[in-house]
Participant: 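Here it is: the structure, laid out below.
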Amino acid sequence: MQLDAKREENAVYMETPPEADRLNLFTSTPLEAIKGKPLYRVVEDHIRTLINTGRLVPGDLIPSESQLAKALGVSPGTVKKAITNLVWERLLFRHQGKGTYVSRIDFEKSLFRFFSYGDAEGRSIRIQKTTTARCRQPGPKDICRRLGVAEGSELVYIERLGSIGDQPILVEYSWWPATVVPGLENENIHIPDFLYALVLDQYGVPILRAQETLTADAADAKTAKMIGIAEGTPVVVLKRTTYTTGDRIVEVRTTKGRADRFSYKTEIP
């Protein structure tokens, strides 16, 4: 089935290497200082080019400053200055304790700042997310009911694995009306760490608020296998209903995380 023009545009724009290969974007071409140009400006230009060419997209978590310094063969101070300048340009956004993200929107005023996963001590941490499954299909009865759409409506299902380093700690199971995110089921569309940035930047759908319920449960077989625990082990379960303008529900999500490596914090504006 052919993509329509908008979806073709999105597919081309969002084509990018898998999350695990992201650091390679910064190691594939050695940096060489241009005569008379400060090295931090060269680093800025390198990152800016990755963004402008779509190899890094809104919502992508970039490597840490120490990782970038090592990969690019420059000092941490050089990387820090380059990133600071790109933050001032609003091409990047720093989230304290979680890392630096590619931004085309004002994350300070977005839902992004209200939700934070942490380690067992409650400290904010960098969680890398990998899309492990996605498809478009008639929605399950209970999911359609939660989304407020007709039973059997076409939905986009997205499954993502969240990891700290090489350690998987959580799984996200997310459902969206296909009319809200057309084409997102296609694997050549890159889903960044911060999914809501993509939904706003590519589909024009702002995420304004969410309702969440935090509970505990025993790990089902699939979740247990994905995060490396025994079936039946206690897990934290976070159920989310996400809203856009007009108080319209656009996503229902269930996140299941390791109880021994997972904490959850929220800020009340």
Side-chain angles (χ1 to χ4, degrees), residues 59 61 93 95-99 101 105 107-134 139-149 155-164 168-177 180-181 184 191-200 203 205-220 222-223 226-227 233-269:
L61 174 67
F93 172 80
H95 190 288
Q96 187 174 1
K98 295 190 67 174
Y101 293 77
I105 61 177
F107 281 137
E108 284 285 5
K109 296 179 180 178
S110 75
L111 186 69
F112 182 70
R113 68 190 181 98
F114 299 130
F115 297 91
S116 178
Y117 299 112
D119 61 15
E121 285 73 43
R123 296 169 299 197
S124 294
I125 46 177
R126 294 168 58 94
I127 297 180
Q128 189 82 34
K129 294 182 180 178
T130 304
T131 302
T132 49
R134 63 170 108 181
K141 183 177 180 179
D142 63 321
I143 298 296
C144 287
R145 177 182 54 80
R146 290 177 61 191
L147 281 169
V149 299
L155 305 180
V156 173
Y157 169 72
I158 300 171
E159 175 188 289
R160 300 202 295 169
L161 182 68
S163 304
I164 303 174
I169 64 164
L170 61 87
V171 187
E172 292 179 353
Y173 304 100
S174 178
W175 294 86
W176 298 74
V180 173
V181 288
L184 191 54
I191 297 178
D193 302 86
F194 182 34
L195 174 58
Y196 296 155
L198 166 64
V199 173
L200 175 58
Y203 298 103
V205 179
I207 302 305
L208 301 182
R209 70 182 185 92
Q211 292 179 339
E212 295 195 321
T213 302
L214 183 64
T215 61
D217 201 353
D220 57 88
K222 180 177 181 178
T223 300
M226 291 185 72
I227 60 178
T233 300
V235 290
V236 175
V237 179
L238 190 67
K239 292 187 176 182
R240 176 184 298 181
T241 303
T242 308
Y243 296 79
T244 187
T245 53
D247 223 28
R248 178 188 177 192
I249 298 174
V250 291
E251 177 202 27
V252 295
R253 176 190 299 189
T254 299
T255 300
K256 298 183 179 182
R258 292 181 57 130
D260 61 337
R261 296 295 306 276
F262 183 88
S263 67
Y264 173 74
K265 295 188 296 184
T266 182
E267 297 177 17
I268 306 300

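Only a predicted model underlies this, so the values are computations on that prediction, with no experimental measurement involved.
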Participant: Please report the closest heavy-atom contact between A259 and P234, naming both atoms and the distance.
Facilitator: CB-O, 3.7 Å
Participant: List in chain and number order the residues that pass salt bridge (charged side-chain N to carboxylate O under 4.0 Å, His left out) with D247, two or more places apart in sequence or in another chain; answer none if no residue qualifies.
Facilitator: R209
Participant: Are T132 and M226 close enough that some pair of their side-chain heavy atoms sits under 4.5 Å apart?
Facilitator: yes
Participant: Taking the basic N atoms (NZ, or NE/NH1/NH2) and the acidic carboxylate oxygens, is any pair closer than 4.0 Å for E159 and K222?
Facilitator: yes
Participant: Check salt bridge (charged side-chain N to carboxylate O under 4.0 Å, His left out) between R160 and all other residues, then give those that pass, not counting sequence neighbours.
Facilitator: E172
Participant: Does the side chain of D142 come within less than 4.5 Å of R145's, by heavy atoms?
Facilitator: yes
Participant: Side chain of R134, backbone of V156: donor and acceptor closer than 3.5 Å?
Facilitator: no
Participant: Among residues at least two apart in sequence or on other chains, which ones pass salt bridge (charged side-chain N to carboxylate O under 4.0 Å, His left out) with K239?
Facilitator: none
Participant: Identify the heavy atoms of P192 and G59 that sit nearest to each other, and give their distance.
Facilitator: CB-C, 3.4 Å
Participant: Do Y243 and E251 have side-chain N/O donor and acceptor atoms under 3.5 Å apart?
Facilitator: no
Participant: Could you tell me whether the side chain of P177 reaches within less than 4.5 Å of the side chain of L147, counting heavy atoms only?
Facilitator: yes
Participant: Kindly indicate whether the side chain of W176, heavy atoms from C-beta on, has any atom under 4.5 Å from the side chain of V199.
Facilitator: yes
Participant: Can you name the nearest heavy-atom pair linking G139 to C144, along with the distance?
Facilitator: O-SG, 3.6 Å
Participant: Any chance you could lay out the side chain to side chain contact (heavy atoms under 4.5 Å, CB included) test for L161 and L170, step after step, and finish with the verdict?
Facilitator: CA-CA 6 Å; L161 182 68; L170 61 87; over 6 Å; no
Participant: If you apply the rule side chain to side chain contact (heavy atoms under 4.5 Å, CB included), what do you find for L238 with T254, and how did you get there?
Facilitator: CA-CA 6 Å; L238 190 67; T254 299; over 6 Å; no
Participant: Which residues pass the salt bridge (charged side-chain N to carboxylate O under 4.0 Å, His left out) test with D220, sequence neighbours left out?
Facilitator: K256
Participant: Measuring only between side-chain heavy atoms, which start at C-beta, is I227 closer than 4.5 Å to I169?
Facilitator: no
Participant: Please enumerate all residues that pass side chain to side chain contact (heavy atoms under 4.5 Å, CB included) together with R248, with sequence neighbours excluded.
Facilitator: T179, V180, T244, V250
Participant: Indicate yes or no: at least one non-hydrogen side-chain atom of T255 is less than 4.5 angstrom from one of V237.
Facilitator: no
Participant: Do side-chain atoms of D193 reach the backbone of L61 as a donor and acceptor pair under 3.5 angstrom?
Facilitator: yes
Participant: If you define the side chain from C-beta out and look only at heavy atoms, does anything of T242 sit under 4.5 Å from I249?
Facilitator: no
Participant: Measure the spacing between CZ of F93 and CZ of F194 and express it to the nearest 0.5 Å.
Facilitator: 9.0 Å
Participant: What residues form a ring pair (Phe, Tyr, Trp, His ring centres under 6.0 Å) with Y157, not counting sequence neighbours?
Facilitator: W175
Participant: Side chains of I207 and L200, heavy atoms from C-beta outward: is any pair under 4.5 Å?
Facilitator: no
